[in-house]
Visitor: 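Attaching a single structure in structure tokens format; questions to follow.
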2 protein chains.
Amino acid sequence: MAEQTIKVPRLYQQVAEKLIEMIESGEYDVGSRLPAERELAAMFSVSRPTIREAVIALELENFVEVRTGSGVYVKAGRRESGRLADKDIGPFELTEARILFEGEAAALAARMITDAELRQLESILGEMAAENESGEEMHEEADKKFHMTIAQATRNSAVVSVIEGLWDARESSPLTRRMYQRVRNKGFKPSIEEHRDVFNAIATRDPAIARAAMREHLTRVIDSILEATEVEAIEAARSEVAKSRERYSVARKLG
Amino acid sequence: MAEQTIKVPRLYQQVAEKLIEMIESGEYDVGSRLPAERELAAMFSVSRPTIREAVIALELENFVEVRTGSGVYVKAGRRESGRLADKDIGPFELTEARILFEGEAAALAARMITDAELRQLESILGEMAAENESGEEMHEEADKKFHMTIAQATRNSAVVSVIEGLWDARESSPLTRRMYQRVRNKGFKPSIEEHRDVFNAIATRDPAIARAAMREHLTRVIDSILEATEVEAIEAARSEVAKSRERYSVARKLG
DNA sequence: CCTTGTAAACTGGTCAACCCAATTGCCGGG
DNA sequence: CCCGGCAATTGGGTTGACCAGTTTACAAGG
């Protein structure tokens, strides 16, 4: 059973990935032409249809522009893994919002949660550990389940919807998807210890403690993303919360 | 010179567009399988590679999910069961969520807001007053604008999108809409004083003060709804309203 | 009768070779 | 030096075939 079905990404995705790397590394200047599809096919040892699929993927992400009969050209859009297309939400903004909102959800959940839900939460920690051990692919499932269970414990469907939306938003655009993928590839897995801390905090049924624990956990998530993506500070700088000292003080609330 | 050959969109784009239309028109339910690539190819009278390209486009935009050996399935995330809209969220849940989330947004906004935005906020107070005087219809516009301006001051698009979603959610279910209508009919208008308090609090640029003010404001909103719907609350005593009535006091005490 | 295997049918994944049309570039004639 | 035209190059799209997972139907076995 040591054998795991390693999910082989589709070929065009691998090719697209490599092409993006090449473009981001400046191997092809903006405005310059990429090698012909036939050449690329030879380079990557794949067929031309596969190359075409990859090119289309890059085209949809605004990395390149294809001119019929001429070639595919690197688009002007400021490259360097950063350029968030207007509409999509970057991982930092996303996680910052989660710090704010899930912190409050945890606080409310601490007040409302039932013993049964607490047991369920704890069992999810087990699942998470199991997933971390085995296939890397699934491990986010338990993580989501953990956070959603807390959300549901608030007994507020609006809260549940918002938090689920925030979670799913990471899959919303190819760009953010790639960023999270990068984080995963770097070996960052949801820390059991951190989640257990959150669990313990909620188990105290003290809102302030629960909020502080959740904020702490998500703040570390931001740190992970930062570390993994060595991303331009421009976007990260927007995250005031990440560097803020205005953390909720557990001690203050306890007194 | 005047004659320009209209650029014919690439074939895969045309196909992708048609497929999106079909999906959005509900021709294929979420979770259901689309016709096989070979069938689609026959349907659109194009080759299979072209269909594949179109499918990849939909996949990148999160419309569908491709399962090898099985088929391509319509994804849920995009619309339908996704957003807060048509989720049937009661007014109390909604406002409770706003207390939690907008409170935090206000706190963050207090730290981030620019002088220009502060001026804009203040001018919205003026609009609100004007709307209260004249037609009742419009006055919610200024109210929304007020809250959205604060959200935008956080410089976090995830926060903005969540708060806008929460606002629009009041139009989601018929029940919720009727309740808000009732509140308006009872003569409850967004209080300028309350909003000015929030404005002043944010102007101090102190997160804690801003959060408290926003929570206070929204807590009063819940009171208004409670008061305005008291009769209804008796009818539906065992459902939402009664439960929420006891609930919101919990949220209030969290801070 | 129900269960269980297993093989066939189906579906996406990929490849190879081919034709077409637009673009580019070279080359020779003016 | 300029310009027209032809040929090479490039993307756009097609056909047909084969492979590898999934699903399904059907028959053997309990």
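Lettering follows sequence order; numbering is per chain, from 1. Only this structure's heavy atoms are used, side chains among them; waters, hydrogens and symmetry mates stay out.
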Visitor: Among dA16(C), dG13(D), dT11(C), which is the nearest nucleotide to the side chain of S47(A)?
Guide: dA16(C)
Visitor: Starting from P on dG12(C), measure out to OH on Y12(A) and report it in whole angstrom.
Guide: 14 Å
Visitor: Measure OH/Y73(B) against P/dT22(D) and give the value in whole Å, please.
Guide: 11 Å
Visitor: What is the distance, rounded to the nearest whole Å, between atom CD of Q14(A) and atom P of dG13(C)?
Guide: 13 Å
Visitor: Have a look at R10(A) and say if it touches a base, only the backbone sugar-phosphate, or nothing, with a 4.0 Å heavy-atom cut-off.
Guide: sugar-phosphate
Visitor: When the ring planes of H147(B) and W167(B) are compared, do they come out parallel, tilted or perpendicular, using 30° and 60° as the limits?
Guide: tilted
Visitor: How would you label the contact of V46(B) with the nucleic acid (heavy atoms, under 4.0 Å): base, sugar-phosphate, or nothing?
Guide: sugar-phosphate
Visitor: Go nucleotide by nucleotide along DNA chain D from the 5' end; which of L34(A) and P49(A) gets its closest nucleotide reached first?
Guide: L34(A)
Visitor: Considering heavy-atom distances to DNA chain C, does R33(B) or E53(A) have its closest nucleotide positioned more toward the 5' end?
Guide: R33(B)
Visitor: Between T50(A) and G69(A), name the one whose nearest nucleotide on DNA chain C is closer to the 5' end.
Guide: T50(A)
Visitor: Measure CD1/I56(B) against C1'/dG12(C) and give the value in whole Å, please.
Guide: 11 Å
Visitor: Contact class for R48(A) (heavy atom, under 4.0 Å): base, sugar-phosphate, or nothing?
Guide: base
Visitor: Can you name the salt bridge (charged side-chain N to carboxylate O under 4.0 Å, His left out) partners of E164(A), sequence neighbours left out?
Guide: K144(A)
Visitor: State, with a plain yes or no, whether a side-chain heavy atom of K75(B) is found less than 4.5 Å away from one of V30(B).
Guide: no
Visitor: How close or far is atom P of dA17(D) from atom CZ of R38(B), stated in whole angstroms?
Guide: 12 Å
Visitor: So, OP1 or OP2 of dT23(D): does either fall under 4.0 Å of a side-chain N or O from S70(B)?
Guide: yes
Visitor: May I ask you to check whether S70(B) and Y73(B) show a side-chain donor-acceptor distance below 3.5 Å?
Guide: yes
Visitor: With heavy atoms under 4.0 Å as the rule, sort V72(B) into base, sugar-phosphate or nothing.
Guide: sugar-phosphate
Visitor: Among L34(A), L11(A), V46(A), V72(A), find the residue that satisfies the side chain to side chain contact (heavy atoms under 4.5 Å, CB included) test when tested with I51(A).
Guide: V46(A)
Visitor: Write down the distance between CD (E65(B)) and P (dT22(D)), rounded to a whole number of angstrom.
Guide: 12 Å
Visitor: Respond yes when some side-chain nitrogen or oxygen of R67(B) is under 4.0 Å from OP1 or OP2 of dT11(C), and no when none is.
Guide: no
Visitor: Using atom CD of E37(A) as one end and atom C1' of dT10(D) as the other, report the distance to the nearest whole Å.
Guide: 8 Å
Visitor: Rounded to whole angstrom units, what separation is found between the CG atom of L11(A) and the C1' atom of dG12(C)?
Guide: 13 Å
